[in-house]
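Here is the structure we will look at.
Just so we're on the same page: letters track the sequence lines, and every chain starts at 1.
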Amino acid sequence: MQQWSREKIVAFRQALLDWYDREKRDLPWRKDKEPYHIWVSEIMLQQTQVNTVIPYYQRFMAAFPTVADLAAAPEAKLLQLWAGLGYYSRARNMQKAAQQIMIDYQGKWPQTAKELTKLAGIGPYTAGAIASIAFNQPEPAIDGNAFRVFSRLFEIEADITKPQSRKIFYDVIKEVISPERPGDFNQAIMDLGSSYMTAKNPDTANSPVRDFNQAYLDGKEMAYPVRTKKKPPVPIDYFALVIQTPAGYLMEQRPAKGMLADLWTVPLLKWTDLADQETPPLLSQLVTLATKRFTAETQIPLTLAPLGGKPVTHTFTHQKWVLTLLYAELPSIPDLSYFRGNIVKPTDFTHLAQPKVQLKIWRRYQQLREQ
DNA sequence: TATCCGTGGCA
DNA sequence: TTGCCAAGGAT
């Protein structure tokens, strides 16, 4: 790892902030330093790219202009606004944090990273980002960009996937961060990481801090950051039951914990839950099991028919879902007293929080109907 | 410490 | 298609 002199640190800050002042991106959450605005943007930006976030941020602010509005919001409206953005616990945690601020802090934001970390959904990165941007505190905000940028600048060998590596980066950045403009410094590092110092195809030759990039100068840029590989997603087979009734389609709300918590999909049956074997269960077997799943009635006239074509697939971070579509038409509305769900008309779909995988199911179903 | 938790872009 | 990566946090 490199060691920088005081003079070099001062020169780096100058080069970085001069570039940021000239080239910084004009983003909706950079119009002011309202902690609420900074916070919402930082949560949305977790593991999510800027272009994806912008429209969600605009809609969210229109719906919940203040932290008090968010604290009082119905969960259904919150999830509806978040649907499609992913990592849905972020939305739930954000509302918890809004309520913590209203109740525990009397509506006034805590201003130190340490206090901010006590709020739901705020970890070391987000605490540093809010403390530096909204409250001008010299606190590092170490995200994937900061790991990548500083590992190259200093040739830091620590594996960034290991939690204990954070302290090594924290100590380095704490020395280099601008005491006068810590928020701009952190944001400049992030802008740098998403422009000149990208993971793939970096353009370091034209970078405003090229001469500080030791890994580049040594021709070893792509060796950084050091990280261990992730495991590939595990395939999981489901039947997706598209069930039409005179009043609309049968939709189920997922359990409050786990994958896609509280979101709405058609009933999904995991193959491994249906039989003790991994081979596909018989269709007749499936009808009985499916019936028990969504109604109190022991048996209803349900005839499941395969919907042609290849299965619908959707890959998450650690699971790959393979969905075989089945279709049934019910002549009457079944008793749904023991079912966490409802019959929904397509015109009301926009009021439900549906994950991307469900939108894929609808797209495929629509295509097959048009044939 | 290792695993869980979404989605989109890109080579 | 597949693999990797992106403004992470909770358990």
Side-chain angles (χ1 to χ4, degrees), chain A residues 24-25 27-30 37-57 79 82-94 96-97 116-130 132-133 140-149 159-166 169 183 185-195 197-202 222 224-225 227-236 254-263 265 310 313-322 353-360:
Chain A
K24 69 177 171 189
R25 289 175 289 182
L27 300 170
W29 47 88
R30 284 183 176 173
H37 297 164
I38 306 301
W39 173 55
V40 172
S41 71
E42 290 300 340
I43 300 294
M44 287 186 169
L45 286 162
Q46 287 171 5
Q47 301 290 286
T48 311
Q49 296 189 336
V50 166
N51 287 338
T52 305
V53 165
I54 290 173
Y56 281 89
Y57 178 84
L79 280 182
W82 205 272
L85 201 51
Y87 286 141
Y88 298 96
S89 66
R90 290 185 293 176
R92 199 187 314 273
N93 281 330
M94 223 165 49
K96 270 187 212 159
L116 286 163
T117 307
K118 294 179 181 172
L119 298 172
I122 296 185
Y125 161 72
T126 307
I130 298 172
S132 63
I133 299 170
I142 313 172
D143 68 334
N145 288 306
F147 276 126
R148 184 172 58 259
V149 167
D159 182 343
I160 64 167
T161 67
K162 306 270 184 216
Q164 66 264 33
S165 299
R166 176 173 292 273
F169 284 83
F185 180 94
N186 283 333
Q187 292 182 91
I189 293 294
M190 293 189 264
D191 276 14
L192 193 60
S194 58
S195 56
M197 294 184 69
T198 50
K200 301 173 189 174
N201 305 321
M222 298 317 287
Y224 300 91
R227 66 156 77 231
T228 54
K229 286 181 182 172
K230 295 164 190 158
K231 292 177 184 172
V234 180
I236 301 178
R254 293 180 57 81
K257 291 185 184 297
M259 290 274 289
L260 307 174
D262 279 344
L263 272 74
T265 67
K310 291 180 299 183
T313 64
H314 186 80
T315 304
F316 301 93
T317 306
H318 60 292
Q319 290 180 8
K320 177 183 180 178
W321 287 9
V322 181
Q354 301 182 58
K356 289 292 178 183
V357 63
Q358 179 58 47
L359 300 185
K360 284 190 186 177

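Following rounding to the nearest Å, A:Lys231 (NZ) and C:dC5 (P) show an atom-to-atom distance of 17 Å. Put simply, CD on A:Gln46 is 15 Å from C1' on B:dC4, counting in whole angstrom units. Look at CZ on A:Arg254: it is 12 Å from C1' on B:dG6, rounded to the nearest Å. As a whole-Å value, the separation of A:Arg227 CZ from C:dC5 C1' is 7 Å. Summarising the geometry, the separation between NZ on A:Lys310 and C1' on C:dT1 is reported as 10 Å, rounded to the nearest angstrom. Atom pair A:Leu116:CG and C:dG9:C1' shows a separation of 15 Å (rounding to whole Å applied). As a whole-Å value, the separation of A:His318 NE2 from C:dC5 P is 18 Å. Protein atom CG of A:Asn93 is 14 Å distant from nucleotide atom P of B:dC5, rounded to whole Å.
Taking the side-chain contact (heavy atoms from CB on, under 4.5 Å) definition, one finds that A:Ala141 meets it with A:Tyr125, A:Ala129, A:Asn186, sequence neighbours left out. For A:Gln46, the side-chain hydrogen bond (donor to acceptor under 3.5 Å, both in side chains) partners are A:Thr126, not counting sequence neighbours. Under the rule for a ring-ring contact (aromatic ring centres under 6.0 Å, His included), the partners of A:His314 that lie at least two apart in sequence or sit in another chain are A:Phe316. With sequence neighbours excluded, no residue forms a salt bridge (Lys or Arg N to Asp or Glu O under 4.0 Å) with A:Arg227. Here A:Arg166 pairs with nothing under the side-chain hydrogen bond (donor to acceptor under 3.5 Å, both in side chains) rule; sequence neighbours left out. Considering only residues two or more places apart in sequence or on other chains, A:Tyr57 meets the ring-ring contact (aromatic ring centres under 6.0 Å, His included) condition with A:Trp29. Judged as a salt bridge (Lys or Arg N to Asp or Glu O under 4.0 Å), and not counting sequence neighbours, the contacts of A:Lys118 are A:Glu115.
The A:Lys162 side chain lies nearest to B:dA2 when the options are B:dC4, B:dA2, C:dC5.
Side-chain contact between A:Ile189 and A:Met197 is absent, with no heavy atoms from C-beta onward closer than 4.5 Å. Residues A:Ser194 and A:Arg25 meet the side-chain proximity criterion, which asks for heavy atoms closer than 4.5 Å.
Nearest-nucleotide positions on DNA chain C for A:Arg25 and A:Pro233 put A:Pro233 closer to the 5' end. Where A:Ala261 and A:Pro163 each meet DNA chain B at their nearest nucleotide, the meeting point lying more 5' is that of A:Pro163. Both A:Arg90 and A:Lys320 lie near DNA chain C, and the one whose nearest nucleotide falls closer to the 5' end is A:Lys320.
Taking side-chain N and O atoms only, A:Gln319 has no distance below 4.0 Å to OP1 or OP2 of B:dG6. Applying the 4.0 Å criterion to OP1 and OP2 of C:dT11, one finds that A:Lys257 has every side-chain N and O outside that range.
Near DNA chain B, meaning a heavy atom under 4.0 Å from it, residues 121-128 of chain A has no residue at all.
Contacts of A:Val50 with the nucleic acid, taken as non-hydrogen atoms under 4.0 Å apart, include base atoms. Contact annotation for A:Ile133: no contact, since no heavy-atom pair falls under 4.0 Å across all strands.
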Enumerate the protein-to-nucleotides 7-11 of chain B contacts in which both atoms are nitrogen or oxygen and the separation is below 3.5 Å.
unit_1 : atom_1 : unit_2   : atom_2 : d
B:dT7  : OP1    : A:Tyr88  : OH     : 2.5
B:dT7  : OP1    : A:Lys356 : N      : 3.0
B:dT7  : OP2    : A:His314 : NE2    : 3.1
B:dG8  : OP1    : A:Lys356 : NZ     : 3.0

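Considering CD of A:Gln354 and CZ of A:Arg254, their distance stands at 13.0 Å, rounded to 0.5 Å.
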